[in-house]
Amino acid sequence: MQLRMIALAGLLASAAFAVWAEPAAHTQYGTWGVDLSAMDKSVKPGDDYFTYVNGAWAKTAVIPADRSSTGSFQDLRILSEKRMQEIAASLDAKPYDQLTDEEKKLRDLYDAFMDEKQIETNGMAPAKHDLDAIAHLNSLKAVAVAMGDPKLQLASPISFGIGINDKNPNAYSVNIYQSGLGMPDRDYYLRKDDADLEKTRDAYKKHLATMFALAGIKDGEKRAQAVYDLEYKMAEADWPNADRRDEDKIYNPMTFAELKAMAPQFPWDSFFKLSGIPMKDGQRQVIVAEKTAIPKLAAIFAETPVATWRDYLTAHYLHTYADYLPKAIDDENFAFYGTVLQGNSQQLPRGARAAHLLDNLMGEALGKLYVAKYFPPEAKAKALELVHNLLKAYEADIQTLDWMSAETKAKAEDKIHKFTIKIGYPDKWRDYSALVIKRDDLLGDVQRANVFEWNRESRRIDEPTDKTEWGMSPPTVNAYNNSQWNEIVFPAAIMQPPFFDFNADDAVNYGGIGAVIGHEISHGFDDQGSKFDADGSFNNWWTPEDRKTFDAKTKALGEQYASYEPLPGLHINAEFTMGENVADNAGIAIALKAYHISLGGKPAPVIDGFTGDQRFYLGFGQIWRSKMRDGALRQQLLSNEHSPAMWRPIGAVRNQDEWYAAFDVKPGDKFYLPPDKRVHLW
């Protein structure tokens with residue numbers, strides 16, 4: 001289901017930080033939560049705050065060959081992978097007949113992926129039926145049927161999915177949107193001012209030709225060029241990312257009959273034939289995202305020969321299922337998507353990939369075992385207390401805003417009061433009893449999981465939304481805000497150092513997990529989340545003057561981020577990353593206020609020469625410790641709504657008056673902003 005998930009990436013008592021963490025986990029971060037050895041004190045905080053906090057670490061940090069980055073998030077992801085593998089190993093160690101039905105499925109799926117000998121022995125046989133079916137498509141209608149098949153999960157220029165109706169968060173919706181590119185974003189096809197992108201385009205064509213050759217398809221180079229040319233046309237029709245996140249632009253409800261009239265060159269009935277969604281004689285409402293792109297993509301679909309679509313679907317099929325096919329296919333897929341795009345020279349270890357497969361297909365079955373071992377009930381209770389306290393601090397802060405009217409403040413407070421908080425893991429676990437997993441049929445397992453998930457979602461299309469549902473699994477190192485249900489969600493795996501550390505100083509924890517919590521709360525008040533009311537409905541609750549003031553503030557913030565140039569010639573896309581940048585800036589501001597409240601009027605202690613505010617900001621800078629390969633950084637800049645990690649502490653702190661005071665940042669420092677240029681939102 002497509003949740004509108006915006007992911008990270010009162011009084012606060014010290015006891016609120018008594019959340020469980022591994023006893024030895026804090027040692028990497030010193031005695032009070034900050035790794036002082038990582039700092040480069042030769043750099044002035046006002047010249048480069050990221051390097052001041054993380055510079056010594058960055059000089060020696062080595063990105064593993066199988067990763068595109070290293071740093072705080074990646075360390076926790078590796079820890080989560082290790083834990084998931086340990087769970088799988090524990091299932092293998094038990095007698096099979098002593099496992100529950102879910103545990104048997106997890107074990108069989110894990111073992112099927114790990115059995116490389118079996119995969120090689122089977123060769124392309126598991127995919128033969130699908131590839132033969134694609135090769136025999138003989139009409140555009142037949143192509144559309146294949147594109148809409150929930151089992152195959154094939155790429156297509158137009159896609160559909162089950163979402164939540166922005167205007168009625170109690171109802172599900174059928175969402176229509178642009179899709180289908182083989183490279184990460186339209187800029188990979190269209191942008192002409194980057195020599196590295198030109199090399200990537202050439203590498204993509206060679207990759208397509210190689211995949212065709214591995215699949216026994218003749219004239220691979222010619223066919224690869226035709227597929228590339230097709231995707232280039234699709235990229236030209238597609239909306240840029242900044243427009244795709246604008247709620248006012250992407251909410252376009254219409255009936256199915258009206259959709260067909262708007263884009264008649266696409267065989268919509270064929271596309272939805274296998275979906276199981278009743279179209280009610282054309283009266284089913286659908287929500288179209290990129291409204292002006294869909295007719296263009298429909299025209300491209302109609303004018304493209306069936307033979308080209310067959311090659312397009314074959315190429316994307318091989319990419320989608322490469323992990324479950326022989327090593328030659330898997331290696332070639334990685335050579336482009338892992339090495340060319342990301343810069344990695346090695347695949348993830350097979351066990352780590354197997355863990356991710358379990359998480360992707362049976363995340364809550366795996367998550368149930370994960371939290372039983374790594375996230376006890378008292379951790380959930382304490383984390384919930386922490387979030388409630390941040391919400392109280394946010395509510396108090398709203399009352400102090402001098403730019404917001406009393407009318408809008410009342411609506412903002414109502415939204416705070418109605419936030420749903422989800423911590424660690426769901427209260428109701430997903431039922432996997434209908435999912436069939438076979439130890440000797442890996443590709444079939446994946447496709448049956450596709451159908452299982454689609455049936456779970458599509459069968460309830462006309463039922464009230466299930467607001468107990470989660471959009472992330474417990475082992476996920478992330479957090480998110482879902483504006484449609486006015487909820488903030490923190491999976492168990494994020495509650496670890498350096499985000500949260502049982503042994504750390506309170507100031508550091510406020511700068512870490514406190515800022516993360518503040519970040520997710522702030523998504524409800526970012527440039528798009530602020531368009532949803534307290535009940536999660538896409539509904540303007542602002543006075544015109546307040547909205548005008550808020551938009552001016554976010555515009556000024558965007559101008560700051562647009563000036564940042566992480567790679568030569570590539571600046572941060574300020575419009576695309578606006579929501580995350582707002583959440584970073586507002587989140588750190590509210591977390592610091594909450595820390596000050598927690599002191600109860602007493603001065604913060606000085607530890608190792610650092611004041612409370614300094615330790616708070618060090619904790620914040622530390623969670624964004626990161627070192628990325630250029631390819632991965634380029635991909636993030638072009639296709640990810642988050643600013644690169646190394647720019648997130650810089651962009652946030654330079655708008656905080658308290659940061660200037662804490663580190664004596666003065667005019668002449670590189671990132672100094674005059675007081676009247678600092679953007680204060682919340």
Side-chain angles (χ1 to χ4, degrees), residues 6-9 28-29 34-35 38-40 43 45 48-64 67-80 184 342-344 476-480 493-494 496-500 508 511-516 518-520 522-523 557 560-567 570-574 576-585 587-588 591 617-655 659 671:
I6 307 297
L8 212 99
Q28 179 182 351
Y29 298 97
V34 169
D35 180 7
M39 299 176 66
D40 185 349
V43 176
D48 183 345
Y49 188 65
F50 174 86
T51 301
Y52 172 72
V53 179
N54 302 295
W57 169 86
K59 289 176 183 177
T60 59
V62 176
I63 301 173
R67 308 279 168 170
S68 61
S69 67
T70 187
S72 300
F73 273 91
Q74 197 63 263
D75 288 346
L76 285 194
R77 291 187 182 109
I78 292 171
L79 174 63
S80 187
Q342 297 283 315
N344 303 5
T476 303
V477 182
N478 211 330
Y480 71 89
I494 193 71
Q496 298 291 332
F499 298 92
F500 170 78
V508 178
I513 196 63
V516 171
H519 174 103
E520 297 307 337
S522 298
H523 270 309
L557 187 68
Q560 292 178 22
Y561 279 81
S563 71
Y564 305 149
E565 189 177 9
L567 284 174
L570 278 180
H571 289 249
I572 291 176
N573 185 335
F576 184 34
T577 60
M578 180 64 76
E580 299 299 331
N581 300 335
V582 169
D584 279 348
N585 279 265
I588 189 176
Y617 286 116
L618 291 176
F620 181 72
Q622 181 174 256
I623 67 173
W624 298 115
R625 176 187 297 181
S626 179
K627 192 174 187 178
M628 298 182 72
R629 301 187 193 280
D630 283 355
L633 181 54
R634 177 174 286 100
Q635 183 171 339
Q636 176 158 357
L637 288 166
L638 294 177
S639 62
N640 193 294
E641 67 273 18
H642 299 83
S643 295
M646 58 285 297
W647 286 95
R648 294 179 75 168
I650 293 173
V653 299
R654 68 190 300 232
N655 287 287
W659 174 73
F671 287 103

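Side-chain atoms are counted along with the backbone in the values below, which use heavy atoms only and exclude waters and symmetry mates. From a predicted model like this one, the values you see are computed outputs, not experimental measurements. Positions are given from 1, in the same order as the sequence printed here.
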Please round to the nearest 0.5 Å and tell me the distance separating atom [atom1] of [X] and atom [atom2] of [Y].
{"X": "N54", "Y": "Y49", "atom1": "CG", "atom2": "OH", "result": "9.0 Å"}
{"X": "D75", "Y": "R67", "atom1": "CG", "atom2": "CZ", "result": "9.5 Å"}
{"X": "I63", "Y": "S626", "atom1": "CD1", "atom2": "OG", "result": "7.5 Å"}
{"X": "N478", "Y": "R77", "atom1": "CG", "atom2": "CZ", "result": "7.0 Å"}
{"X": "Y480", "Y": "E520", "atom1": "OH", "atom2": "CD", "result": "10.0 Å"}
{"X": "L633", "Y": "N640", "atom1": "CG", "atom2": "CG", "result": "10.5 Å"}

Considering non-hydrogen atoms only, spot the tightest contact between [X] and [Y] and give its length.
{"X": "G621", "Y": "V53", "answer": "C-CG1, 3.9 Å"}
{"X": "L618", "Y": "M39", "answer": "CD2-CE, 3.8 Å"}
{"X": "N581", "Y": "S643", "answer": "OD1-OG, 2.8 Å"}
{"X": "Y52", "Y": "V43", "answer": "CD1-O, 3.2 Å"}
{"X": "F620", "Y": "P649", "answer": "CE2-CA, 3.6 Å"}
{"X": "T476", "Y": "A493", "answer": "O-CB, 3.5 Å"}

Is a donor on one side and an acceptor on the other found under 3.5 Å between the side chain of [X] and the backbone of [Y]?
{"X": "H519", "Y": "G587", "result": "no"}
{"X": "S522", "Y": "V582", "result": "no"}
{"X": "K627", "Y": "A58", "result": "yes"}
{"X": "Q622", "Y": "D35", "result": "yes"}
{"X": "T577", "Y": "N573", "result": "yes"}

How about Y561 and N585: does a side-chain donor come under 3.5 Å of a side-chain acceptor?
yes
Aromatic ring pairing Y564/W647, orientation class (parallel under 30°, perpendicular over 60°, tilted between):
parallel
Between [X] and [Y], is any pair of side-chain heavy atoms under 4.5 Å apart?
{"X": "E580", "Y": "H523", "result": "yes"}
{"X": "Y617", "Y": "I588", "result": "yes"}
{"X": "L76", "Y": "F499", "result": "yes"}

Under a 4.0 Å N-O cut-off, is there an ion pair linking K59 with D40?
yes
Tell me every residue that passes salt bridge (charged side-chain N to carboxylate O under 4.0 Å, His left out) with R629, counting only those two or more places apart in sequence or in another chain.
none
